[in-house]
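For reference, the structure discussed in these notes is given below.
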Protein chains: 2
Amino acid sequence: MARTSTTNDVFSAIGEPKRRALLEQLVLQQMTVSDLVEAMEWSQPMVSKHLKVLKDVNLVSETKVGRFHYYRVQPDELRPIQEWVHQFEKYWGGALEQLDSYLTDIQKTRDDDER
Amino acid sequence: MARTSTTNDVFSAIGEPKRRALLEQLVLQQMTVSDLVEAMEWSQPMVSKHLKVLKDVNLVSETKVGRFHYYRVQPDELRPIQEWVHQFEKYWGGALEQLDSYLTDIQKTRDDDER
DNA sequence: ATATTATATTCCTATATGGGAATATGTCAA
DNA sequence: TTGACATATTCCCATATAGGAATATAATAT
């Protein structure tokens, strides 16, 4: 078998640095393909292809206006990643910081509960 | 050119679902290769190979005790991912939730400052 | 010394990629 | 209608997988 498809899920899709760069650019504002070609200084097919992968996993959405295709980020789709990483957060920091981290966690939990 | 190497960075390494599964298992406790073979129900070479990728990007560390190689997660290495996703968090939630999200952010920032 | 256990590495193959180049498709403007 | 513009797709290739099978390496036990 070959490696996991880039469109398998959000994790696979953002494995490619260029696609992360696209998302970083698009989060600022929606842009057309040509806008991105200029901003990234990549070839147009390159932009379109990476956008396709991002769209396949719903990390970007597309709005067509005549010849122009506006792409925008769908930030919510990154939540699974945040949540996945979250389960490791409690172990962040070295041994010396463990206690402090633990107390901070407790405080944070309380804050969350209050909301 | 071919696709980005899995050991290019942490993002690429966790693109593979099996490697995420390994990390999820190892975060509970350090384990040897055979422990993982049993827990995951994968072949031994499969476990070793995926561990190698994770180790190359420092997501796991290895401690050798005789024949046994104990692997453990290095949770801090996931921080870059958390930070990368963070820049998109402020846009989470639909339009209706935007205001609430905005206010929550402000409160959170204040909490952070107080610590 | 030798068999056994634990782990890593090598060899193989199928497959999917990222990128370049060329081309197709779609839409607008003159 | 026709040319220009915007975007997508196809064709090509080099490369790096993931996985299975076999084998190598390392360390222990008997």
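Proteins come first, then strands; the chains are lettered A, B, ... in the order of their sequence lines, and each starts at number 1.
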Whether [X] contacts [N] is assessed here as follows: a side-chain N or O lying under 4.0 Å from the phosphate OP1 or OP2. Is that the case?
| X | N | answer |
| --- | --- | --- |
| A:Y71 | D:dA6 | no |
| B:K18 | D:dG19 | yes |
| A:R67 | C:dT25 | no |
| B:S5 | D:dT17 | yes |
| B:T6 | D:dT17 | yes |
| A:H69 | D:dA6 | no |

message: I'd like to know if B:K49 reaches the base of D:dG20 with its side chain, counting only an N/O donor and acceptor under 3.5 Å.
response: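 Side chain to base: pair found, below 3.5 Å.
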- prompt: What about A:Q44, does its side chain sit under 3.5 Å from the base of D:dA8 through a donor-acceptor pair?
  reply: yes
message: Please find the pair of heavy atoms, one from A:L59 and one from A:V10, that lie closest to each other, and give the distance.
response: CD1-CG1, 3.7 Å
message: Is a donor from one side chain sitting under 3.5 angstrom from an acceptor on the other, for B:Q82 and A:W92?
response: no
message: Can you see whether B:Y70 engages B:Q30 through a side-chain donor-acceptor pair at a distance of less than 3.5 angstrom?
response: no
- prompt: Are B:R3 and A:E16 ion-paired here, with the side-chain N under 4.0 Å from a carboxylate O?
  reply: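 Salt bridge flag = no for A:E16 with B:R3.
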Nucleotide [N], atom [atom2] - distance to [atom1] of [X] in whole Å:
| X | N | atom1 | atom2 | value |
| --- | --- | --- | --- | --- |
| B:K52 | C:dA6 | NZ | C1' | 18 Å |
| B:F68 | D:dA26 | CZ | P | 17 Å |
| B:R3 | C:dT17 | CZ | P | 6 Å |
| B:D56 | D:dT17 | CG | C1' | 14 Å |
| B:M31 | C:dA6 | CE | P | 14 Å |
| B:E16 | C:dA16 | CD | C1' | 13 Å |
| B:E41 | D:dG20 | CD | P | 13 Å |
| A:M40 | C:dG19 | CE | C1' | 17 Å |

- prompt: Relative to the 5' end of DNA chain D, which residue comes earlier, A:Y70 or B:R19, by the nucleotide with the nearest heavy atom?
  reply: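 Looking at DNA chain D, the more 5' nearest nucleotide goes with A:Y70.
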message: Under 4.0 Å, counting only non-hydrogen atoms across every strand here, what does A:M46 touch: a base, just sugar-phosphate, or nothing?
response: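 The answer is sugar-phosphate, as A:M46 gets under 4.0 Å only of primed atoms, P, OP1 or OP2.
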message: Starting the side chain at C-beta, find the nucleotide from C:dG19, C:dA22, D:dA18 nearest to A:P45.
response: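 Closest nucleotide to the A:P45 side chain: C:dA22.
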Enclosure of A:E41 CD (heavy-atom neighbours >12, cutoff 6.0 Å): no
